[in-house]
Amino acid sequence: MQSSSSSAQSLRPLIPLADYQRIFRVIHSVLHSVEADIPAASFFFSVTAAQILKKFYKRNAFPVAGAAFYLISQDGGGALSFGTLADDGHTVASNHDAFHAWVQCDGYAIDFMAPLFQELLVSAGHPLPVPRQMFQKDLQRMSESVQTLAQPGDFHLLPNLELTRELLQQFMAKKALTNLSQLCLEWFRKPPKAMPADLALQGADGEISRIQLQATRIDGVW
């Protein structure tokens, strides 16, 4: 049985909300500046956020792709689902066309796309109001199956290591993606240091543009 102190520890996030928000804002702003398909960018978010956590927080963080299920509403059992669920309602799988990505770090799952859950639902044709909240959970608190998701914030993740490896190889082979990821690392400042409000970006033609920091506000936690 867990002691009360260890229980409290398991509820405490690895990184503060302010830091999570800043990591999210930097990645979101860089992707927004190049008009990226944000709903399809979960792997970019995860790779880049993991690099930031390694460099600035000295954390053992790495991106993971696979199937992911989040209960975002109890109305009608509203679950945000990434992956495939077999006809038996139990067998979960993922592939190149049906997956999500998150960061695993020191026993936690951290999803830096959680503030964009509403946009993900809109892109999938299921508009539903979803609060912009941080998702950072101790993996020991994960629901055992999709069927046991009960309260908003409950989650079930099934990593696909082969898919993760393939996506990472594809990511590292695309210079445009690695350059954008590096921009995020150059721009980021760990709180309480002040963040520059914008960042200069030189295009292929040598023209300089400036990326503005998107002030998307995160209002709570799952």
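- From Ser181, atom OG reaches atom CZ of Phe44 across 5.0 Å, with rounding to the nearest 0.5 Å.
- In terms of modelled atom types and a separation under 3.5 Å, the side chain of Gln133 and the main chain of Gly220 share no donor-acceptor contact.
- In this structure a side-chain-to-backbone donor-acceptor pair under 3.5 Å is missing from Arg22 to Phe188.
- Shown here is Arg217, whose CZ atom has no more than 12 heavy atoms of other residues, nucleotides or ligands within 6.0 Å.
- Checked against a 6.0 Å centroid threshold, the rings of Phe155 and Phe135 count as neighbours.
- Phe112 CZ to Leu53 CG: the interatomic distance, rounded to the nearest 0.5 Å, is 5.0 Å.
- Side chain of Ser29 to main chain of Leu213: no donor-acceptor pair is present (N/O by atom type, distance under 3.5 Å, no hydrogens or angles).
- Listed for the Arg132 side chain is no donor-acceptor partner under 3.5 Å among the backbone atoms of Ile218.
- Taking CZ of Phe56 as the start and CG of Asp19 as the end, the distance is 11.5 Å to the nearest 0.5 Å.
- Between the CZ atom in Arg25 and the OH atom in Tyr20 there is a gap of 12.5 Å [rounded to 0.5 Å].
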Practice prompt. Take Gln170 and Leu167 through the test side chain to side chain contact (heavy atoms under 4.5 Å, CB included) and record every step on the way to the result.
Written response: CA-CA 5 Å; Gln170 293 170 9; Leu167 291 171; 4.0 Å; yes
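- Side-chain contact between Leu163 and Asn95: absent, with no pair of heavy atoms (C-beta onward) separated by less than 4.5 Å.
- Of all the heavy atoms in Lys54 and Ala61, the pair that sits closest is CE-O, 2.7 Å.
- Residues Val122 and Leu31 are members of separate hydrophobic clusters, defined by side-chain heavy-atom contacts under 4.5 angstrom among Ile, Leu, Val, Met, Phe, Trp and Tyr.
- Residues Met195 and Trp187 are in side-chain contact: their nearest non-hydrogen atoms beyond the backbone lie under 4.5 Å apart.
- The number of heavy-atom neighbours closer than 6.0 Å to CD of Glu162, taken from other residues, nucleotides and ligands shown, is 12 or below.
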Item to complete: With side chain to side chain contact (heavy atoms under 4.5 Å, CB included) as the test, would you mind laying out the steps for Asp111 and Tyr70 before giving the verdict?
Response: CA-CA 11 Å; Asp111 191 332; Tyr70 302 97; 2.6 Å; yes
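- Heavy-atom neighbours of Glu144 CD from other residues, nucleotides or ligands within 6.0 Å: at or below the threshold of 12.
- Side-chain atoms of Ser46 come within 3.5 Å of backbone atoms of Ala101 as a donor-acceptor pair (strictly under, hydrogens ignored).
- Ser143 places no side-chain N or O within 3.5 Å of a backbone atom of His156 that could act as its donor or acceptor partner.
- Exactly one residue among Leu80, Val92, Asp154 makes a side-chain contact (heavy atoms from CB on, under 4.5 Å) with Phe69. That residue is Val92.
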Discussion item. Side chain to side chain contact (heavy atoms under 4.5 Å, CB included) for Thr164 and Phe62? Distances and angles first, verdict last.
Written reply: CA-CA 10 Å; Thr164 301; Phe62 50 93; over 6 Å; no
Fill in: Trace of the side chain to side chain contact (heavy atoms under 4.5 Å, CB included) decision for Val47 with Leu177
CA-CA 10 Å; Val47 170; Leu177 290 178; over 6 Å; no
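- Contact annotation: the side chain of Leu139 approaches that of Gln104 to within less than 4.5 Å [non-hydrogen atoms, C-beta and beyond].
- Considering all non-hydrogen atoms of both residues, Pro13 and Met134 come closest at CB-CE, 4.4 Å.
- Between the side chain of Thr178 and the backbone N or O of Met172, no donor-acceptor pair lies under 3.5 Å.
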